[in-house]
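One structure follows; several queries about it will come next.
In what follows, chains carry the letters A, B, and so on, assigned in the order in which the sequence lines appear, proteins first and then strands, with residues in each chain numbered from 1. As the structure is a computational prediction, the values presented were derived from the model and not from experiment. Note that these values count all heavy atoms, side chains included, but never hydrogens, waters or copies made by symmetry.
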Amino acid sequence: MNWIGVAALYKFELARTWRTLFQSIASPVLSTALYFVVFGSAIGSRMPPIDGVPYGAFIVPGLILLAVLTESVSNASFGIYLPRFTGTIYEILSAPVSAIEVLLGYVGAAATKSVLLGLIIFATARIFVSFELVHPWWSLAFLVLISVTFALFGFLLGLWADGFEKLQIVPLMVISPLTFLGGTFYSINMLPTPWRKIALFNPIVYLVDGFRWAFYDIASVGPAISLSLTLAMLLICVGLVIYVFKTGYRLRT
Amino acid sequence: MEAVSNHEGGPRILNSLSSRRLPEENPSLDKVLSISNLTKTYDNGYRALKGVDLAIERGEIFALLGPNGAGKTTLIGIVCGLVRPSGGEVLVDGCDIATDYRAARKKIGLVPQELSANMFESVWGTVTFSRGLFGKRADPAFVERILRDLSLWDKKESNIRQLSGGMKRRVLIAKALAHEPEILFLDEPTAGVDVELRREMWEMVRRLRDKGVTIILTTHYIEEAEDMADRIGVIDKGEIILVEEKHALMRRLGKTRVTVGLSRKLDAIPPGLFARPLDLAEDGLSLAFTQKGEDDSGAGAEPGLADLLKQLAARGIDFRSVNADRSSLEDIFIDLVGKSR
Ligand SMILES: Nc1ncnc2c1ncn2[C@@H]1O[C@H](COP(=O)(O)OP(=O)(O)O)[C@@H](O)[C@H]1O
Ligand SMILES: [Mg+2]
């Protein structure tokens, strides 16, 4: 393994965050804070608790995921798309680094950022609402797993995209609507039956449900199913990435 | 070295010159790069390389010449890992680029044709990154030396986007040298570069060569190859049509035009003056002939300048100047590539 090479890529990618600090940390934290003010405090104070959890606290896991999912995808996709776009990818392709090492560098950095972002939002949430974590280690595990999975997905997106538009469209038009509909602001048990069935096709439902279970020990589909589906998504992304590297797709002509 | 092509209808320029450095009986010992039967067909069906064989000797400066679209960048791309070959084998100092890519790539530094650099990074940062990416431990003293050699030291904290085109090119060279490669590829290094930088670049290339680095460059500027290279390869339409030591090439394919200026006007060339075609200028004030190479006379073959001058003296024709114009590599190149069209 070329660990020095991995470290170089990882550091480079993290350094990019500092250059774009506002975009990658400040802006998601700000928008999440706004959600807490509007939904958590203003509206939430008039809502009954859900499954015994006050509404303001109930939405915390979903809001963390909303930011983590979109940022994982944007960060990882930009990270690999940018060198493709500017041509600097030549250096990575000519370096003695394997596909796995490139992945560790890019996806590792994007996932690290997302985990940090999740923790920052968590801390921010504590300012607005009070809550206790029931399964702290599980919540950390879910956070890491989900960050890695969506960073991998972002990496694939960055390879596939042939313009900046596509990079922005996917987090904006796919990830965030699915997260909104995935039970961030409500429990899917509250949905009427047909909609509840349809909601179960949304993979993000399971992520939010599992993450919320780790927070409050309440669940609609159950932690085992959530965890299995999260792992399945991770494996699918890993499989796709391996396939992409084997074929040299969009990297080597 | 031997070469090169024997495809149907194409030129067949073979030569038997052995290298200056390499004993003939040990042909694989000091090849730092061996390419055999390399082919590349792009996804759109275009055959960019049609069976290239090429061997580069350790420590030489090799110039790869060829018109636009000949396949130079493709060839370099395959060796460096940017382009997947369709067939053939490439060994970098004995390491196969497919099966032993790590060892092979560590030995290679590439300065690409296009100016592409991480615009938002500092010069120092990007060169340090390159070294790390290639698996070398950080060595600030070494990076400093590279930056000083390339007159980049003052700019080490500058953002790359603030640099001029020439400076960016230097940064790319610094990046390529950051991991101490044994082979340096320079793809059209002087395209769009000012005279000053070009001179500095060639100085650097010579210094590197003195340290034992092998340099392979492609260029449009044939004078550059003429000045710099030890050996020259010509590629056209995906085929190497010639590989030869530069001086031998000039000797073999070059021509020299010898002109003798006369003191008094001559109306006609006296019969029997010179046993090869001789031209009298319109004003009658000079005689000229063309010989192959730098001088093909002697050994009883063709009469040369000395014979002509003796004859002129014997006939009482006074001359006041002698001028020899060697054809440039460019003429040779145009000749070669023209023929294969
Ligand atoms: N990705 C590609 N897809 C299809 N054809 C290509 C591609 N890259 C280069 N070519 C073609 O291959 C030929 C050789 O290109 P190149 O190696 O860049 O030549 P050179 O560097 O000698 O100018 C050209 O005709 C070019 O159009
Ligand atoms: Mg080229």
Practice task
Identify the residues of residues 94-102 of chain A whose heavy atoms come closer than 4.5 Å to a heavy atom of chain B, ordered by number, or report 'none'.
Solution key: A:S94, A:A95, A:P96, A:V97, A:S98, A:E101
Practice task
Could you tell me whether the side chain of B:K136 and the main chain of B:A178 form a donor-acceptor pair under 3.5 Å?
Solution key: no
Handout entry: From CA spacing to verdict: salt bridge (charged side-chain N to carboxylate O under 4.0 Å, His left out), A:E71, A:K113
Key = CA-CA 8 Å; A:E71 282 307 306; A:K113 280 181 234 178; over 6 Å; no
Practice task
Using a cut-off of under 4.5 Å on heavy-atom pairs, state which of B:V83, B:L110, B:L82, B:I108 scores highest against chain A.
Solution key: B:L82
Exercise for the section: For B:R105 and A:L93, indicate whether the former's side chain and the latter's backbone hold a donor-acceptor pair under 3.5 Å. Expected result: yes
Fill in the blank from the handout: So, the part of B:R131 with a heavy atom under 4.5 Å from chain A: the answer is neither
Problem - Check: B:F62 and B:L217 side chains under 4.5 Å, non-hydrogen atoms - result: no
Exercise for the section: Please confirm whether the backbone N or O of B:V123 pairs with a side-chain atom of B:T126, one donor and one acceptor, at under 3.5 Å? Expected result: no
Handout entry: Those residues that, when tested against A:F122, pass ring-ring contact (aromatic ring centres under 6.0 Å, His included) (two or more places apart)
Key = A:F131, A:F215
Handout entry: Heavy-atom proximity to chain A below 4.5 Å, by part of B:K40
Key = side chain
Problem - Residue A:F85 excluded, over 12 heavy atoms near CZ under 6.0 Å - result: no
Handout entry: Engaged part of B:S130 at the chain A interface, taking heavy atoms whose separation is under 4.5 Å
Key = both
Practice task
Under 4.5 Å, counting heavy-atom pairs only, tell me which of A:A8, A:G87, A:P83, A:G105 racks up the most with chain B.
Solution key: A:A8
Exercise for the section: Could you tell me whether the side chain of B:T214 and the main chain of B:G59 form a donor-acceptor pair under 3.5 Å? Expected result: yes
Handout entry: Under 4.5 Å from any heavy atom of chain B - which part of A:I92
Key = both
Practice task
Verify the neighbour count for atom CZ of B:R47: are there more than 12 heavy atoms of other residues, nucleotides or ligands below 6.0 Å?
Solution key: no
Fill in the blank from the handout: Under 4.5 Å to a heavy atom of chain A? For B:F129 that would be both
